[in-house]
Amino acid sequence: MKSLVTFESVTTLSQLMIPKRVPNDGIVSYADQYTHINAIIDAIHEPVLILNNDLTIQSANKVFLKKFKMTKDKASGRNLADLTDRSSQMEYLIKKLRKLSRNNSSFEELELTYRFRRAGEKTLLINAKRIAYGNKNSDIIFLSIQDITQRRLIERQKDDFVGYITHELKTPITSSSVFIQLLQGYHEKTGDKKSQFLLTKVAGELERLTKLLNSFTHVYKAQTGMLELQKETIDLYELVRETVEMFQYTTTTHTISIEGTLTKPLFADKERVRQVIINLLINAIKYSPNSDTIVVKLQEETKKVIVSVRDFGPGIPKEAQTKIFERFFRIRSGQSYSAKGLGLGLYISTEIIKAHKGKLRVESSEGKGSTFSFSLPLKM
Ligand code: ADP
């Protein structure tokens with residue numbers, strides 16, 4: 001559930017407070033202000049903490065106290081750093097909170113898992129915003145916490161289920177393919193053209209099914225941290241060149257050119273990296289039906305290489321640019337999608353690049369096209 005007060009909307013402490021009748025001297029006391037803040041955060045349906053500049057808890061709302069099984073006395077005045085254990089994830093949170101500079105800096109959706117003494121292990125999504133208020137020491141930090149333990153559990157069960165189904169379907173599909181090949185051989189001999197034609201269709205559909213299952217397997221592996229890499233020394237330039245050449249044979253609509261070169265060898269999983277290049281090229285072709293050019297650019301820096309695929313299609317709206325990397329996310333135009341797909345290609349590609357300690361990103365402006373680029377560190 002989303003917080004009632006959105007982070008973007010809060011920039012100063014006064015915005016958090018209900019306008020109050022100001023006494024004659026024009027000064028609103030701190031006590032009044034804290035009462036207001038407490039009233040507001042108590043009305044929020046998510047756990048919320050207000051921290052002082054030094055991370056001591058100034059207020060905890062009712063939902064926080066209930067969810068994490070704490071009393072007001074136990075929480076108030078305690079330093080968040082003392083309240084938590086020294087797990088690396090909590091250390092990271094504390095470090096990030098301490099780093100929040102003035103000028104209303106913030107972070108959003110920091111996910112961490114924490115074992116509470118009384119409430120057990122929880123997966124939390126944390127948003128934080130530092131709110132400038134008077135002098136530096138009076139700044140406060142607004143911390144909203146979303147408990148996503150249940151959501152993550154359901155996702156894991158779903159992933160396990162998909163993993164199981166995919167695994168179980170693979171065996172009968174593989175044996176069906178073998179039987180079809182035998183039948184194809186048989187009908188080549190009998191000369192039955194109609195059967196040969198139908199068997200080719202069945203073989204094509206089985207191949208499609210195998211590809212789908214492979215996508216699901218990749219997603220499952222990525223989700224469960226089982227994406228194993230088989231790294232070797234590879235010539236990335238050669239890999240890009242042969243993949244582009246293969247695509248150039250299959251597309252009649254686009255011309256794909258390569259700019260730049262790479263000279264240093266890379267230690268990476270060749271087939272997985274190929275898969276990423278293929279996914280980006282497929283998308284570039286699929287989502288730019290009214291243009292005819294794709295440019296693959298290669299850059300070598302001291303510590304990394306960058307491969308980018310640029311198309312001149314309709315581009316991607318700003319608000320969708322982070323979402324397209326999520327599982328099953330696809331951009332609709334009206335009621336339909338502009339091309340066939342599952343919304344998995346970019347997700348799988350991101351996971352593959354992440355597993356190599358690289359980054360996959362997009363730059364796009366509507367009407368001008370998109371550039372997807374991935375970087376891979378030279379020493380891995
Ligand atoms: P799929 O292509 O199967 O839908 P992807 O994960 O590869 O899945 O892409 C997710 C979504 O991102 C696509 O459905 C499309 O809306 C958008 N997208 C990806 N690449 C491009 C591109 N080059 N230009 C415009 N939109 C793109």
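If you read the sequence from its start, that first residue is 1, and numbering goes on from there. Note that the structure is a prediction, hence the values are computed from the model and not measured. Start at 1 and go down the list; that is how both ligands and their atoms are numbered.
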Task: CA sep, side-chain torsions, deciding dist, call: V362, F325, side chain to side chain contact (heavy atoms under 4.5 Å, CB included) - done: CA-CA 10 Å; V362 65; F325 296 99; 3.8 Å; yes
- [ ] Give a yes/no on ligand 1: does G313 have at least one heavy atom closer than 4.0 angstrom to it?
- [x] no
Open item on the list: Suppose we measure from atom 8 (O) of ligand 1 to each protein heavy atom; which comes out shortest, and what is that distance?
Closed with: G343 CA, 3.1 Å
Task: Heavy-atom nearest neighbour in the protein, as seen from atom 21 (C) of ligand 1, with distance rounded to 0.1 Å - done: Y287 CD1, 3.6 Å
Open item on the list: I'd like to know whether ligand 1 has K286 as a neighbour, heavy-atom separation below 4.0 Å.
Closed with: yes
Task: Under-4.0 Å salt bridge between E205 and R208 - done: yes
- [ ] Select one of side chain, backbone, both or neither to describe which atoms of F372 lie under 4.0 Å from any atom of ligand 1, heavy atoms only.
- [x] side chain
Task: Within-4.5 Å side-chain heavy-atom neighbours: L227 and K221 - done: yes
Task: Check: H187 main-chain N/O paired with Q196 side-chain donor or acceptor under 3.5 Å - done: yes
Task: Identity and distance of the protein heavy atom lying nearest atom 6 (O) of ligand 1 - done: L346 N, 2.8 Å
Open item on the list: Any donor-acceptor pair under 3.5 Å linking the side-chain atoms of S308 with those of S373?
Closed with: no
Task: Protein contact of atom 11 (C) of ligand 1 - nearest heavy atom, named by residue and atom, plus distance - done: F329 O, 3.7 Å
Open item on the list: For Q230, I'd like to know if atom CD has over 12 heavy atoms of other residues, nucleotides or ligands within 6.0 Å.
Closed with: no
Open item on the list: For atom 4 (O) of ligand 1, what's the nearest protein heavy-atom neighbour? Residue, atom name and distance, please.
Closed with: R330 NE, 2.5 Å
Task: Element-labelled atoms of ligand 1 that are located less than 4.0 Å from some non-hydrogen atom of L344 - done: 6 (O), 8 (O)
Open item on the list: Hydrophobic cluster membership, with links at side-chain heavy-atom distances under 4.5 Å among I/L/V/M/F/W/Y: are L198 and L209 in one?
Closed with: no
Task: ligand 1 contact on I316 by region, counting heavy-atom pairs under 4.0 Å - done: side chain
Open item on the list: List ligand 1 atoms under 4.0 Å from S370, heavy atoms only on the residue side.
Closed with: 24 (N)
Task: Any donor-acceptor N/O pair, K286 side chain to K340 backbone, under 3.5 Å - done: yes
Task: Closest protein heavy atom (residue, atom, distance) for atom 3 (O) of ligand 1 - done: L342 N, 2.9 Å
Task: Protein contact of atom 19 (C) of ligand 1 - nearest heavy atom, named by residue and atom, plus distance - done: N283 ND2, 3.5 Å
